[in-house]
Amino acid sequence: MYCYKYPHPAVTADCIVFNKDNDKIYVLLIKRKNEPFKDCWAFPGGFINMEESAEDAAKRELKEETGLEISNVEQLKAYSNPDRDPRERVITIAFIAESKIKDVKGSDDAKEGRWFDISNLPSLAFDHEQILTDALNKLRNPKH
């Protein structure tokens, strides 16, 4: 259709799903099936299709990778460090949601899905540790 002299970045959507149980907080992670960061833990997420919104992509990827369906997500922030993804220039839009702990399974490009107590987390892929820090701050201080 149009041709621009400027390169275009890829855009992804990530879904950070929390469960608050009394004084404990759990987060849903997936184990990546593919490179980059194969076998590392990350948030459910992936590339946004041309015909969908970022919010719809976050919910779709969550369902595809874990089987969990969520109707309400809240946009947290966009992450655009040029080196955040070794494949190409990728900007991600992160969304947060809350859910009861439900059985999840890894499917699509996720080997496994699992709930983790935030006090005992594995190392995370990409820049997901920074995203988690921001998401926890938002969860604990919803007005900021």
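Residue numbers run from 1 in the order of the sequence given.
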Verdict with reasoning, Y79 to D14, per side chain to side chain donor-acceptor pair (under 3.5 Å): CA-CA 10 Å; Y79 293 84; D14 290 316; over 6 Å; no
Just so I know, are the side chains of [X] and [Y] near enough to count as touching, which here means a heavy-atom distance under 4.5 Å?
{"X": "P82", "Y": "R89", "result": "yes"}
{"X": "D85", "Y": "F37", "result": "no"}
{"X": "K77", "Y": "K138", "result": "no"}
{"X": "V17", "Y": "K102", "result": "no"}
{"X": "L136", "Y": "I25", "result": "yes"}
{"X": "L29", "Y": "L121", "result": "yes"}
{"X": "L139", "Y": "K20", "result": "yes"}
{"X": "D21", "Y": "I101", "result": "no"}

Distance in Å, D56 CG paired with F95 CZ, rounded so as to fall on 0.5 Å steps: 9.0 Å
Pairing residues for Y4 by the side chain to side chain contact (heavy atoms under 4.5 Å, CB included) criterion, not counting sequence neighbours: Y2, H8
Other cluster members, M50 - Ile/Leu/Val/Met/Phe/Trp/Tyr, side-chain contacts below 4.5 Å: none
Residue pair C15, I70: steps toward the side chain to side chain contact (heavy atoms under 4.5 Å, CB included) verdict: CA-CA 10 Å; C15 201; I70 299 249; 5.7 Å; no
Ring geometry between W41 and F116 (parallel below 30°, tilted from 30 to 60°, perpendicular above 60°): perpendicular
Where A57 and E52 come nearest, the two heavy atoms and their spacing: CB-OE2, 3.4 Å
Pair listing, salt bridge (charged side-chain N to carboxylate O under 4.0 Å, His left out) test, anchored in residues 26-51, at least two apart: D39-K111
